[in-house]
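Only one structure is covered here, and it is reproduced in the block below.
Note that ligands are numbered from 1 as they come in the structure, with each ligand's atoms numbered from 1 the same way.
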Amino acid sequence: MKIRARILGAAAGGGLPQWNCGCENCRLARAGQIPAQTQSSLAVSSNGRDWAILNASPDIRAQLTAAPELHPTGLREIPLRSVLLTNGDIDHVAGLLTLREMQPFTLYATRGIHEVVAENPIFSALSPSVVTRTAIALDEPAEIAPGLTATLFAVPGKVPLYLEGDEVQTDLVGEQTVGVELRAGSVTAYYIPGCALLNDELRARLSGAELVFFDGTLWRDDEMVRAGLGQKTGKRMGHISMSGPDGSIAAFADLDIARKVFVHMNNTNPVLRPGSDERAQAEAAGWTIGQDGMEVTV
Ligand SMILES: [Zn+2]
Ligand SMILES: [Zn+2]
């Protein structure tokens with residue numbers, strides 16, 4: 001048994017370039033000088049025929065067009081068996097609206113994330129008579145495609161931006177932000193596109209894994225502030241940064257993980273520039289910078 005993963009989109013919400021952004025990366029991407037990246041999503045399969053998609057990004061239509069494995073195999077037969085949500089963020093759920101058209105699949109999420117989706121009537125476009133909504137309890141495996149199970153576990157994070165109140169807890173641990181443990185036979189891989197903190201529990205869980213896709217939103221915590229693009233730090237957005245003593249590169253250094261791949265990069269992240277020092281540093285620490293269309297099999 002093996003796990004085949006295809007990065008449908010490697011960028012965080014907004015994508016690269018982001019429609020209203022004139023930062024250096026976005027300008028380079030518009031000029032075709034660095035590769036553009038669509039918004040965060042991963043397709044996974046154990047047998048190469050039946051697929052699950054982890055998070056449905058607003059770019060899903062173009063992402064599916066670019067992925068031959070996911071093309072229809074008949075008039076209305078498709079290889080997509082399910083969509084799994086890791087949180088309720090717009091960049092992870094908006095693509096569900098593209099997946100209407102009376103096409104059966106199963107939508108998996110925690111009960112808490114299902115409630116967020118259910119509260120928004122526009123998602124009834126995915127008719128319950130066609131799309132089955134199945135809640136997965138934390139730490140209980142569910143078979144999301146033949147031969148492939150997913151176990152959701154809580155990771156530190158926050159509620160979606162559109163549900164934030166006056167006070168926001170950015171390292172909440174519960175059903176609102178989860179990581180995914182994928183298993184096919186004895187092979188294990190992880191998908192964690194949003195994570196505020198790598199605590200000891202999470203480090204112990206990931207230690208020795210064959211493959212981890214991890215939150216690469218920002219290179220440094222104050223990256224967006226320094227770029228003049230806003231007041232929010234990575235911590236405030238619920239994302240650990242890559243660099244620095246509190247960053248993910250340092251936190252992963254001694255975890256003995258065979259393949260470490262950053263995904264969910266914000267368009268300001270310098271690792272999105274192939275020749276940058278920051279990318280060289282991440283690669284020297286054993287990381288791969290994910291990009292659209294990249295496939296990893298373990
Ligand atoms: Zn996101
Ligand atoms: Zn930008």
Side-chain angles (χ1 to χ4, degrees), residues 7-43 53-60 63 83-96 109-110 113 116-117 152 155-164 168 170 172 176-180 190-196 213-220 222-242 248 261-273 276 278-279 290-292:
I7 299 176
L8 296 180
L16 174 72
Q18 177 175 311
W19 74 280
N20 65 339
C21 190
C23 80
E24 182 182 0
N25 284 354
C26 287
R27 284 188 282 111
L28 289 169
R30 276 186 204 100
Q33 291 174 20
I34 61 173
Q37 308 291 343
T38 60
Q39 296 169 87
S40 186
S41 181
L42 188 76
I53 288 180
L54 312 183
N55 290 331
S57 103
D59 298 318
I60 196 165
Q63 292 169 342
V83 175
L84 184 153
L85 306 176
T86 64
N87 67 14
D89 285 355
I90 290 175
D91 57 315
H92 301 167
V93 304
L96 291 174
T110 62
I113 297 170
V116 170
V117 173
L152 305 183
V155 298
K158 67 172 188 63
V159 298
L161 183 60
Y162 57 87
L163 293 178
E164 286 185 3
V168 182
T170 55
L172 215 58
Q176 78 295 326
T177 302
V178 297
V180 186
Y190 291 87
Y191 182 58
I192 308 171
C195 181
F213 293 97
F214 193 76
D215 182 351
T217 306
L218 298 176
W219 175 255
R220 41 183 303 157
D222 60 353
E223 181 173 308
M224 297 192 54
V225 182
R226 287 163 62 100
L229 293 172
Q231 292 309 309
K232 281 189 184 170
T233 61
K235 285 197 183 80
R236 172 62 185 78
M237 294 189 292
H239 293 290
I240 187 174
S241 47
M242 293 181 178
S248 53
V261 182
F262 277 125
V263 290
H264 198 276
M265 274 75 70
N266 190 59
N267 59 73
T268 51
N269 193 322
V271 302
L272 289 168
R273 294 194 298 277
S276 67
E278 291 85 351
R279 187 178 186 121
Q291 59 177 349
D292 286 20

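Of the possible polar contacts, none joining the Asn267 side chain to the Pro17 backbone as a donor-acceptor pair under 3.5 Å is found. Looking at Asp215, its side chain does come within 3.5 Å of a backbone N or O of Cys195 through a donor-acceptor pair. In this structure, the side chain of Asn269 engages the main chain of Gly216 through a donor-acceptor pair within 3.5 Å. In terms of modelled atom types and a separation under 3.5 Å, the side chain of Asn87 and the main chain of His92 share no donor-acceptor contact.
Centred on the Zn ion (ligand 2), the angle running from Cys21 (SG) to Cys23 (SG) is recorded as 110°, rounding to 10°.
Counting just the N/O/S atoms of Asp91, the one with the shortest distance to the Zn ion (ligand 1) is named OD2. In His92, the N, O or S atom that comes nearest to the Zn ion (ligand 1) is NE2.
With 2.8 Å as the limit, Asn267 counts as an N, O or S neighbour of the Zn ion (ligand 2).
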